[in-house]
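By convention in this document, chain letters (A, B, ...) are assigned in the order of the sequence lines, proteins followed by strands, and residues within each chain are numbered from 1.
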Number of protein chains: 2
Amino acid sequence: MNNKNCSRIFADQGQIRNCKNKLGTAQKSLTALSNILALAGNEVRLKMLYLLETEKELCPCDLADILGISIPAVSQHLRKLKDGSIVETRKVGQTIFYSLTQDNMEILQPFFKHINQHANELEKV
Amino acid sequence: MNNKNCSRIFADQGQIRNCKNKLGTAQKSLTALSNILALAGNEVRLKMLYLLETEKELCPCDLADILGISIPAVSQHLRKLKDGSIVETRKVGQTIFYSLTQDNMEILQPFFKHINQHANELEKV
DNA sequence: CAAGTATTTAAGCAAATACTTAAATACAAA
DNA sequence: TTTGTATTTAAGTATTTGCTTAAATACTTG
């Protein structure tokens, strides 16, 4: 009816109102989650997270070597991950070791499981 | 030693080689997963997925109304989700209903759980 | 067929991404 | 202190993203 976008007769205004309410309630967690997923949704960063999971900690220098990209590129990805509280740092001499924080493990852990499962499946073929 | 990027004495070449192998093995699943996460890593699209999960199916028109963005914007997001096999369509008259496929539920389901949990926590405060 | 409606596609644009190289820091060790 | 190393930051650029409006499709129905 009084719907600017959609004048479908069958448009269920109650449903639409209900949906808006749900989004309102979940707004903060939706924003937070999408931020984490956006970070993990870059292939290079996902590889970094996967490597940090398996290796416990790595320095930017090693990551650049493993991933085959420049050190500044690695550093900039790591900064984003650190800004998102996904990784933390430990300093040993002049080397800085990055590792995963526990903050978002509930979300990240299934990814690692998924990657390993599928990698194994491909191995078995 | 013979490492262009990193000449740390303590760089463990065995570890680095091992990491490269792991990435090679998991390459395909890393690419596939990062694609899905990139799609879900956009707040608007994450909302869409969340809504489709709770409502079973919705048309572009309703989504535009609920999300407060234009119909073409919705349509373009939906196309990306469809290209990624995350949603599928059902046609009723001239209305097209979008719904989640089961293909990536293993990955997506935890997100919905996470969103609901956190939304509930905020409610209780 | 003609008119209307739901959706998609096209075109254009501003903002965000992700990389590169070069310069700047920070620190360790000779 | 000087030199060298690990890292970060800055600057520049090409690409991608996500939106908008306008036009095109597809389909229904009078």
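- One atom, CD1 of B:Ile69, and another, P of C:dT8, lie 13 Å apart when rounded to the nearest Å.
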(Q) So if I define the base as every atom that isn't primed, P, OP1 or OP2, how would nucleotides 21-30 of chain C read as a B/S/- string at a heavy-atom cutoff under 4.0 Å? (A) BB----BS--

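- One atom, CG of A:Leu39, and another, P of C:dA16, lie 15 Å apart when rounded to the nearest Å.
- For the pair B:Arg79 and C:dT9, the criterion of a side-chain N or O lying under 4.0 Å from OP1 or OP2 is met.
- The interatomic distance linking B:Ile96 (CD1) with C:dT7 (C1') rounds to 6 Å, in whole Å.
- Applying the side-chain contact (heavy atoms from CB on, under 4.5 Å) criterion to B:Thr31, with sequence neighbours excluded, gives A:Glu43, B:Gln27, B:Asn35.
- Within 4.0 Å (heavy atoms only), B:Lys82 reaches no atom of the nucleic acid at all.
- Scanning both residues, B:Leu52 and B:Leu58, for their nearest heavy atoms gives CD2-N, 3.7 Å.
- Candidate nucleotides D:dT8, C:dT17, C:dC19 were compared by shortest atom distance to the side chain of A:His77, and C:dC19 ranks first.
- Whole-Å rounding puts the B:Ile71 CD1 to C:dT5 C1' distance at 10 Å.
- Distance A:Leu78 CG to C:dC19 P: 12 Å, rounded to the nearest Å.
- B:Glu88 pairs by the side-chain contact (heavy atoms from CB on, under 4.5 Å) definition with B:Ser99, B:Thr101, not counting sequence neighbours.
- The CG-P distance, from B:Leu63 to C:dT8, rounds to 10 Å in whole Å.
- Taking B:Asp83 as the reference, B:Arg79 meet the side-chain contact (heavy atoms from CB on, under 4.5 Å) condition, with sequence neighbours excluded.
- Put simply, A:Lys80 has no side-chain N or O that comes within less than 4.0 Å of OP1 or OP2 on C:dT17.
- Listed by chain and residue number, nothing satisfies the side-chain hydrogen bond (donor to acceptor under 3.5 Å, both in side chains) test with A:Lys113 (two or more places apart in sequence, or in another chain).
- When the side-chain hydrogen bond (donor to acceptor under 3.5 Å, both in side chains) test is applied to A:Glu53, the partners found at least two apart in sequence or on another chain are A:Gln109.
- The line from CD of B:Gln102 to CG of B:Leu108 is 9.5 Å long, rounded to the nearest 0.5 Å.
- One finds no side-chain N or O of B:Tyr98 lying less than 4.0 angstrom from the OP1 or OP2 phosphate oxygen of C:dA6.
- Scored by the side-chain contact (heavy atoms from CB on, under 4.5 Å) test, A:Ala73 finds A:Ile69, A:Ser70 as partners (sequence neighbours excluded).
- Looking at residues 41-49 of chain A, you'll see A:Asn42, A:Val44, A:Arg45 sit with a heavy atom under 4.0 Å from some atom of DNA chain C.
- Considering only residues two or more places apart in sequence or on other chains, A:Arg90 meets the side-chain hydrogen bond (donor to acceptor under 3.5 Å, both in side chains) condition with A:Glu57.
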